[in-house]
Protein chains: 2
Amino acid sequence: MTTRPLNATAASLLGFLHDGPMTGWDLVVAAEKRIGGFWSLTQSQVYRELTAMAAAGLVEAGERGRRDRKPYAITDAGRSAFAQWAAREPGHEVIRFPLLLSVMFGKHVPAERLADFVAVHRDRHADRLADYEGRRASPWDGAPEDEPYARATLEFGLAYERAVLAWFDALPRSIADPTPA
Amino acid sequence: MTTRPLNATAASLLGFLHDGPMTGWDLVVAAEKRIGGFWSLTQSQVYRELTAMAAAGLVEAGERGRRDRKPYAITDAGRSAFAQWAAREPGHEVIRFPLLLSVMFGKHVPAERLADFVAVHRDRHADRLADYEGRRASPWDGAPEDEPYARATLEFGLAYERAVLAWFDALPRSIADPTPA
DNA sequence: TGGTACATGTAACATGTTACATGATTAG
DNA sequence: CTAATCATGTAACATGTTACATGTACCA
């Protein structure tokens, strides 16, 4: 079968499945909460990857449970595919930040509009920062061996959101507040 | 024709073309330099978008020049499509940082390997930071009205890379340096 | 005269997005 | 009893990636 190497999205699903069977829904929720800050995926992808991985023998569907829940369990082939993925050097990060395109091409964007965009996004980031700070303050509830790793990723989120917020706050008035009351 | 709204990649090409005709190659280089820190695109996409935009009447190809250069100029329709794009609220940013997946699933990654990955990526980020710092120190060479906007995006890059670097440096030894000499 | 940077482009495929369709269960 | 949330899934399409093919001009 010599399946081609896993993509990072599929790999992350297998990563979660190492801790026990989960349904597509569980995975969507877990991914959003645990890796959502630095890896985006959609519900649609999750189901697609699960179907594909089931076909490739990397996961196995179990009996449907209540509410039609369909749990998937990782197989030995899945563990081995994951291990291969984990041994390869991760690629560089990809960032797509459309607001910064608006800023970059700011001379073509109505000043008020741009300032609104900036304000809206600043708020969102403030919310995310607050969320991360809340999480850091709450007691750890996962498996003990995960603690340092999950903490490190959380610290990344915190560092990122703080930096972004500081950046917003250091924007010149010509961009952030061009029409003072 | 009521073309569907521009995607951000196409919009950014039009953004550049506001300052005069450019070839696909020029755009690839400009994009890498000017928005590469927060918007990724490939050479292949650039040519595809240009072809599509030419078909949609948003840009017009000029005469081929030396070395087969094929300059594209923005049209009025292109300017108008860009303006519409610029008026819509930009979406949230997307980050995909595979190294953080390796960290998150760290308990399944051989410790030495993980530390290597971390070291490699730390270096890359240090290089990028140095690059940004160099740029900030060099005299501004673009159009004067672009200065504040380009500066703001550069400041974002600086803030981001500094935060990332600080994050690397604050990683626990269990992750960054598990087998001390 | 040979390597590097310039320059355009296509093909095939993988991945990501959006929208829809369907139904079960729970909480108020 | 009804709205919200849970839950699965598909279809269609847009976007992104990788690999290749082709050739020009510069410069050491």
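This is a predicted model, so every value here is computed, not measured.
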Students often get this wrong, so: under 4.0 angstrom with heavy atoms, is [X] touching a base, only sugar-phosphate, or nothing?
{"X": "A:Arg66", "result": "sugar-phosphate"}
{"X": "B:Ser44", "result": "base"}
{"X": "A:Thr51", "result": "nothing"}

Spacing between [X] atom [atom1] and [N] atom [atom2], to the nearest angstrom:
{"X": "A:Leu41", "N": "C:dT17", "atom1": "CG", "atom2": "C1'", "value": "13 Å"}
{"X": "B:Trp25", "N": "D:dC26", "atom1": "CH2", "atom2": "P", "value": "15 Å"}
{"X": "B:Tyr47", "N": "D:dC20", "atom1": "OH", "atom2": "C1'", "value": "15 Å"}
{"X": "A:Leu27", "N": "D:dA7", "atom1": "CG", "atom2": "P", "value": "12 Å"}
{"X": "B:Glu49", "N": "D:dT17", "atom1": "CD", "atom2": "P", "value": "12 Å"}
{"X": "B:Asn7", "N": "C:dT18", "atom1": "CG", "atom2": "C1'", "value": "15 Å"}
{"X": "B:Arg64", "N": "D:dA25", "atom1": "CZ", "atom2": "P", "value": "13 Å"}
{"X": "B:Gln43", "N": "D:dT18", "atom1": "CD", "atom2": "P", "value": "13 Å"}

Side chain of [X] (C-beta onward), nearest among [options]:
{"X": "B:Ser40", "options": "D:dT17, D:dA7, C:dG9", "answer": "D:dT17"}
{"X": "A:Thr23", "options": "D:dG9, D:dT8, D:dT17", "answer": "D:dT8"}
{"X": "A:Thr42", "options": "D:dG16, C:dT17, D:dA7", "answer": "C:dT17"}
{"X": "A:Thr9", "options": "D:dG16, C:dG16, C:dT8", "answer": "C:dG16"}

Nearest-nucleotide check on DNA chain C, A:Asp68 vs A:Gln45; residue mapping nearer the 5' end is A:Gln45
Review point. With a cut-off of 6.0 Å (strictly less than), are more than 12 heavy atoms of other residues, nucleotides or ligands near CD of A:Glu93?
Key: yes
Next item on the list: Run the ring-centre check on A:Phe82 versus A:His18 and record whether the distance is less than 6.0 Å.
Entry: yes
### Message
So, does A:Arg96 get its side chain near the phosphate of D:dG16, meaning an N or O under 4.0 Å from OP1 or OP2?
### Response
yes
Tested for salt bridge (Lys or Arg N to Asp or Glu O under 4.0 Å) against A:Glu161, the lone hit among A:Arg135, A:Arg128, A:Arg136, A:Arg122 is A:Arg128
Rounded to the nearest 0.5 angstrom, the CG-CD distance for A:Leu158 and A:Glu155 is 5.5 Å
One should read off an interatomic distance between B:Thr9 OG1 and B:Ile35 CD1, to the nearest 0.5 angstrom, of 7.5 Å
Between the base of C:dG9 and the side chain of B:Arg48, is there any donor-acceptor pair under 3.5 Å? no
